[in-house]
There are 2 protein chains.
Amino acid sequence: MAKVKDSNTEEQILDAAKNVFQTKGMDGARMQEIADVAGINKAMLHYYYKSKQLLFEAVFKNAFSLLAPQLNKVLNDDSSIEDKVKNFTSNYISFIIKHPYLPNFIIQELNRNPDFIKTIQENNTFLNIEKFKQQVALEVSQGILKPTKGDQLFINILALNIFPFVAKPLIKAFTKEDDKGFKALMEQRKTEVSEFIINSIKQH
Amino acid sequence: MAKVKDSNTEEQILDAAKNVFQTKGMDGARMQEIADVAGINKAMLHYYYKSKQLLFEAVFKNAFSLLAPQLNKVLNDDSSIEDKVKNFTSNYISFIIKHPYLPNFIIQELNRNPDFIKTIQENNTFLNIEKFKQQVALEVSQGILKPTKGDQLFINILALNIFPFVAKPLIKAFTKEDDKGFKALMEQRKTEVSEFIINSIKQH
DNA sequence: AATTAGTTTAACCATTTGGTTAACAAAGAT
DNA sequence: ATCTTTGTTAACCAAATGGTTAAACTAATT
């Protein structure tokens, strides 16, 4: 066989590619920069991943497979809507603070190439809102929730949790906060957002 | 002077540039494609706008100047919070249905180059949340609203209104709607969103 | 020691891309 | 009528970019 793969080059490449693609996007990323960040020769990128497109897809799928289980919790979990909202909001915001470029990367690239989501859907059977809608309808009929449309509620949950990170520069400009202040606002949202949602939909 | 400017070339260029930049972004846009869309020679782009960067900035500022007055209404209008929320939600969603690429374009490019917002802020004195925060505090003290933080409320209003358009491919995937179904969901939100917000914050 | 097969590199290549140049055309100024 | 200014085009250019090649290197196998 060959050289001891003590430093897994393939992983280093994927890691460097993740950094560059997630900050610059497919169009803004340069193969040379990825090679530089990985500390290797540009030809190696093509040795392990045939083309820029394939390397990008590896990064994208990797990123999406990190996000999907988070969203899945809201859709296919057995707890009550109220508990789901509380847990998801707190967990998701913690998650994104650890992966700040992730939501914007995914949204940006899905907009650039909307067909891309088809490939994703084949691998992820759970991207389905049906169970969640049924649960909302049930809790409404039980008098736990006010009349509420499941799909709109789901959009609202995503919006309130994801948007602030996607629109970070805009929010920083309006609120005149620096990075520290922005982070504080986001920490506050871990409880604020679920209260906001529950306040609106819970029957009392 | 020169040739009859019966068809204002400069405007045609800006219009073509708007189309291409807003769908492909700065990095994905090609000067040749803009020229083709405008139906002119590539050299003309550089005759009227010195460089790709300057043409891009013209497009961006133009786009932002369209969006800013919409946001300004929420911040510096004299009606009650409840009326603001109702009017803004309905108006904003109508506005975006007319300019579907706008929010994503602005958010994407601000993330690519966060310093860009400084240039914007110099021209727009009104990007300031202070008045809104004071109004919320006042209505809370008057017992009209439940205890509510102005900055978080503003983030929530933006999130609920803007996010669905930014994350359109994701939402279409989850809800399994086509373009028509998506538009119907958005039309529904013109009233749903403001009810959702008012439900949550109004004292009763 | 020689073979073998995976790994790595430097140099190279074709194409794309933003930008420039020089010649030309039309209309107003002199 | 001629000069000048503005608008327009085709051809061109240098740099950047994704990708390739062929040779060199490394370590386990025979």
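Below, chain A is the first sequence line, B the second, and so on; all start at residue 1.
- Regarding contacts with the backbone of dG18(C), every side-chain N or O of S51(B) stays at 4.0 angstrom or more from both OP1 and OP2.
- OP1 and OP2 of dT20(D) both lie 4.0 Å or more from every side-chain N or O belonging to Y47(A).
- Across all strands, A29(B) comes closer than 4.0 Å only to sugar-phosphate atoms, never to a base (heavy-atom distances).
- Between the C1' atom of dC12(D) and the CG atom of N41(B) lies a distance of 12 Å, rounded to the nearest Å.
- Checking D36(B) against Q32(B) by side-chain atom types alone, a donor-acceptor pair falls below 3.5 Å.
- Regarding Q53(B), its CD atom lies at a distance of 18 Å from the P atom of dT17(C), rounded to whole Å.
- Put simply, NZ on K42(A) is 21 Å from P on dT7(C), counting in whole angstrom units.
- Evaluation of the side chain to side chain donor-acceptor pair (under 3.5 Å) test over residues 95-108 of chain B, restricted to residues two or more places apart or in two chains, returns N111(A)-N104(B).
- The shortest distance between side-chain heavy atoms of L71(A) and F88(A) falls below 4.5 Å.
- The nearest whole Å value for the distance from the CE atom in M44(B) to the P atom in dT21(C) is 17 Å.
- Distance, E10(A) CD to dT8(C) P: 11 Å, rounded to whole Å.
- Counting only N and O atoms by type, the side chains of N76(A) and N72(A) include a donor and acceptor under 3.5 Å apart.
- The pair K131(A)-D78(A) counts as a salt bridge, with a side-chain nitrogen and a carboxylate oxygen less than 4.0 angstrom apart.
- A salt bridge is absent between R189(B) and E192(B): the closest approach of a Lys/Arg side-chain nitrogen to an acidic carboxylate oxygen does not fall below 4.0 angstrom.
- By the 30° and 60° cut-offs, the orientation of the rings of F105(B) relative to F60(B) is tilted.
- Here the side chain of Y48(B) is nearest to one of dG18(D), dG19(C), dT8(D), namely dT8(D).
- With rounding to whole Å, M31(B) atom CE is found 8 Å from dG19(C) atom C1'.
- Remark: T9(A) is not in phosphate contact with dT7(C), judged by side-chain N or O atoms under 4.0 Å from OP1 or OP2.
- When the P atom of dT17(D) is taken as reference, atom CG of D36(A) falls 11 Å away, rounded to whole Å.
- When distances run from any side-chain atom of I40(B) to the nucleotides dT9(D), dG19(C), dG18(D), the shortest one goes to dT9(D).
- For the OP1/OP2 pair of dA16(D) and a distance below 4.0 Å, the side-chain nitrogens and oxygens of R30(A) include no atom meeting the criterion.
- For the pair H46(A) NE2 and dA11(C) P, the interatomic distance rounds to 19 Å; values are reported in whole Å.
- Taking the nucleotide of DNA chain D with the nearest heavy atom to each of A43(A) and Q32(A), the more 5' of the two is matched to Q32(A).
- Applying a 4.0 Å cut-off to non-hydrogen atoms, none of the residues of residues 15-24 of chain A approaches DNA chain C.
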